[in-house]
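As the structure is a prediction and not an experimental result, all values here were calculated from the model. Chain A is the first sequence line, chain B the second, and so forth, proteins listed ahead of strands; every chain is numbered from 1.
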Amino acid sequence: MPAFTIALKDLRLLLRDPRSAVILLLMPLVLILVLGLSLGDAFGRKPDDQLQISVVVEDIGLPETLVIRPPVKEKPAGAVLGSMSFAAPMQRKHPPTKRWVDVLLDDLKDTGNIKIEVIPSRAEAEQLVKRGKRSAVIVFEPEFSDRVDRCSFVGSEFRPNPINPLDRYGVVTQEVGVTVLDNPYQPIGGSVVKQVTQVSLMRVIVPWMIGQAFDLIGTPLFMKKMEGYIPGFSFLPTEMRASIGLGIRKGIGGFFGNYDFTALTWYGLTKDIPPDVKAANAAAYTPPPTGLGRGAKKYQILVPSYTVTFAFFLVLTVGWLFVAERRHGTMVRLRAAPITRGQILLGKLLPCFAVSAIQGFTLLLFGKLIFGMSFGAEPWLIIPVVLSTSFAAVGLAMFVAGLARTETQVAVYGTLLVLVLAGLSGSMMPRELMPEWMRSFSYVTPHAWALDAYEQLLHPESPAIDFATVGTSCGVLCGFGLGFSLLAWWWMNLE
Amino acid sequence: MIGGMAAPVLDLIDIRKSYGRTEALAGVSLTVQPGELFGLLGPNGAGKTTLLAILAGLSEPTAGAVKLFGDAFDPRARAARKLIGLATQDLAIYPELSARENLRFFGELYGLGRADLRSRIDEMLGAVSLKDRADQLAGTFSGGMKRRLNLAVALVHRPRLLLLDEPTTGVDPQSRNHIFERVQALNAEGLTVIYTSHYMEEVQALCPRIGILDHGRVIACDSRESLLNRLDTALTLTMAEPTSAWLASARQLPGARSVEWSHGNLQVASPEAAALLPKLLAHGAAPSAIDVKAPTLESVFLSLTGRALRD
């Protein structure tokens with residue numbers, strides 16, 4: 001087969017040409033490496049990926065000895081209020097079964113689109129904030145549970161060492177043992193973290209404080225206090241006072257029928273459905289990358305982008321191959337040989353396709369081995385994407401080779417074309433940064449279709465691969481390849 | 001079907017080739033017989049390379065007919081192309097491949113079998129004295145070695161007609177002699193060769209039959225001797241000035257076309273100078289020096305066109 005003879009010869013020439021290796025393999029790797037080192041870890045993350053609350057948990061919880069029993073000294077028999085027996089000791093619904101910090105973290109996890117990242121130590125958190133890796137980190141100090149537990153609307157005559165954590169802005173974080181480490185150069189991110197934390201603190205602490213206060217209504221201590229406000233109240237018999245107390249509690253409960261003041265939780269207070277704590281919102285903490293930052297999300301974008309961009313740099317290699325054939329005079333000998341024009345072109349196309357495919361697979365493999373890039377859930381689907389991209393690149397390369405007559409023309413026109421296409425397609429910068437019309441326009445380039453397919457395949461967090469998108473992309477890429485090849489066939493002048 | 005050996009190898013009938021308004025070939029008719037070493041001589045731009053391109057199937061004539069081994073030449077016919085070997089004016093080898101790889105590649109393109117190709121490559125490497133450099137890249141070769149490899153590539157598939165276009169351009173004398181010897185040896189083995197050059201010395205030395213091309217036309221086509229015999233040999237005798245009577249009698253000698261006294265020398269023109277010289281001496285000429293200038297293709301071209309070959 002003359003076409004295979006030519007293909008093998010060209011493959012040998014390509015392998016012996018160091019320029020090809022430099023352009024097709026070394027340059028993209030160097031670019032990915034340089035950009036990978038230059039770009040921050042935020043590159044490649046979508047905006048909602050960054051709504052992450054980083055916390056340090058030092059909270060030691062409540063010692064068993066601190067478990068507070070209701071301050072009930074008398075035990076009125078048979079007094080019943082709703083489902084709660086006034087005589088029975090009130091059972092806590094939170095500590096000590098859970099640390100208060102866990103209650104708060106569950107509340108945060110339940111908040112939509114917020115991820116909780118637990119950093120192992122305060123020292124590490126301080127470093128992360130200092131280096132700008134996190135805009136703010138919330139530290140729950142060792143006494144957090146103790147302090148939250150002591151939060152109360154009432155004074156020390158009702159419970160020991162009460163804390164009033166509220167002020168006009170919300171919860172005074174220092175009062176409950178919360179410290180916010182923030183980076184002064186990232187004020188917006190820090191504010192978002194603080195506000196989200198405030199809301200959760202309010203949702204946890206306020207029901208707790210309301211519940212405790214409501215529990216006091218009708219207790220002997222409470223009724224004793226009422227003596228100072230209701231004239232003659234002290235002369236009422238004990239049982240009556242107890243009944244009045246229970247009546248007041250019942251009355252208040254009925255008056256505010258939409259709320260359960262005894263609930264101690266926000267959902268209970270608002271009589272809502274208990275939340276289903278979203279464990280998925282807990283993000284595993286990964287230490288900040290050092291060196292290459294293997295596995296960083298940026299490589300999920302950089303590696304396929306530059307693999308696609310440099311696939312089209314094949315234009316230079318193929319162009320030079322044709323120019324060299326003319327310069328060495330061997331094109332004349334090929335045309336004089338007993339072979340057809342189609343065999344010559346096929347003989348040129350095959351090795352270029354092989355080189356392009358090898359380049360694509362090699363760069364992606366390097367992406368995995370060197371940069372820790374993920375191949376996603378269906379790695380085998382990368383094969384048709386690489387092959388169809390190669391076909392499109394080879395078609396374009398053959399077309400350009402048919403136009404260019406000298407090495408300079410190949411270098412100038414080829415490089416210009418490749419860079420313009422890469423710029424239009426979004427393979428040099430994330431398409432999220434492009435205006436909407438430009439994003440739509442990018443689909444005039446084969447690059448954009450290839451990137452669409454890679455975006456589906458290489459995202460490790462992608463919930464499901466859209467096979468239709470991948471298939472469409474491969475089909476369009478093959479269409480580009482066929483179209484360019486036909487143009488090359490029509491245009492190519494071997495003389 | 002390709003004709004038998006009895007038919008002319010090549011028969012060109014009124015070949016014309018135009019590029020726009022420029023007429024590169026203006027009606028070329030030639031016949032080359034089997035086993036001939038035919039020289040195609042002409043100045044640069046005469047149309048030699050255009051004619052060879054048509055013969056090699058690289059270009060089609062605007063008008064006229066080409067017959068190869070008696071049959072109309074169809075450049076698309078693989079069998080016809082296999083009969084032709086082409087060594088172009090510009091080198092046509094891959095510098096990034098070794099000599100052996102170049103030969104193997106072109107041999108495979110022409111459909112040689114693996115075993116046959118192996119032996120043929122060795123044979124060709126030996127024939128052009130490149131056996132010891134067989135596995136070195138052609139790009140490292142000297143100009144002469146590249147020319148020899150270029151010739152070997154044209155021959156690797158055993159063509160029956162070899163087209164050589166200025167095969168000695170840019171080579172050293174040693175390689176030139178090597179190429180001459182090789183071409184003569186191939187011709188002696190029965191290969192038909194068309195040798196084009198603007199170096200008339202080469203064509204004159206190598207080719208028994210010569211066509212002279214100028215402005216796209218064959219202005220002469222004959223055997224080397226016949227072409228040269230069209231002009232007289234010039235004899236210059238340095239001697240004492242003869243009398244008018246002696247000059248008149250010398251002009252009557254058989255074979256003397258002209259006898260003149262000019263610039264202190266006796267200038268004699270004769271188609272048979274070798275026979276005339278003893279007669280002049282016998283007639284009383286006593287030269288102190290004799291200069292003989294035989295006709296060359298250069299002078300033939302000058303006489304035919306009125307200008308020098310290299311103008």
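Nearest heavy-atom pair, B:L58 versus A:R335, reported as atom, atom and distance to 0.1 Å: O-NH2, 2.8 Å. When all heavy atoms of B:A92 and A:G329 are compared, the closest pair comes out as CB-O, 3.3 Å. The nearest pair of heavy atoms linking B:Y110 to A:A337 is OH-CA, 3.4 Å.
For the side-chain hydrogen bond (donor to acceptor under 3.5 Å, both in side chains) criterion with B:Y94, the lone passing option out of A:E325, A:R12, A:R333, A:H328 is A:E325.
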Test side-chain contact (heavy atoms from CB on, under 4.5 Å) applied to B:L86 and A:V332, step by step: CA-CA 9 Å; B:L86 173 67; A:V332 171; 4.2 Å; yes

From CA spacing to verdict: side-chain contact (heavy atoms from CB on, under 4.5 Å), B:R78, A:T340: CA-CA 9 Å; B:R78 293 184 183 197; A:T340 63; 4.0 Å; yes

Criterion salt bridge (Lys or Arg N to Asp or Glu O under 4.0 Å) on B:E101 and A:R16, from CA distance to verdict: CA-CA 13 Å; B:E101 287 169 338; A:R16 287 181 185 174; 2.8 Å; yes

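Atom CZ in B:R104 sits 11.5 Å away from atom OG1 in A:T5 (nearest 0.5 Å). The distance from atom OG1 of A:T330 to atom CG of B:N102, rounded to the nearest 0.5 Å, is 8.5 Å.
Within a 6.0 Å radius of CZ in A:F366, no more than 12 heavy atoms belonging to other residues, nucleotides or ligands are found.
In this structure, no portion of A:L8 lies under 4.5 Å from any heavy atom of chain B.
Counting heavy-atom pairs closer than 4.5 Å to chain A, the top-ranked of the candidates B:L109, B:D90, B:L137, B:I93 is B:L109.
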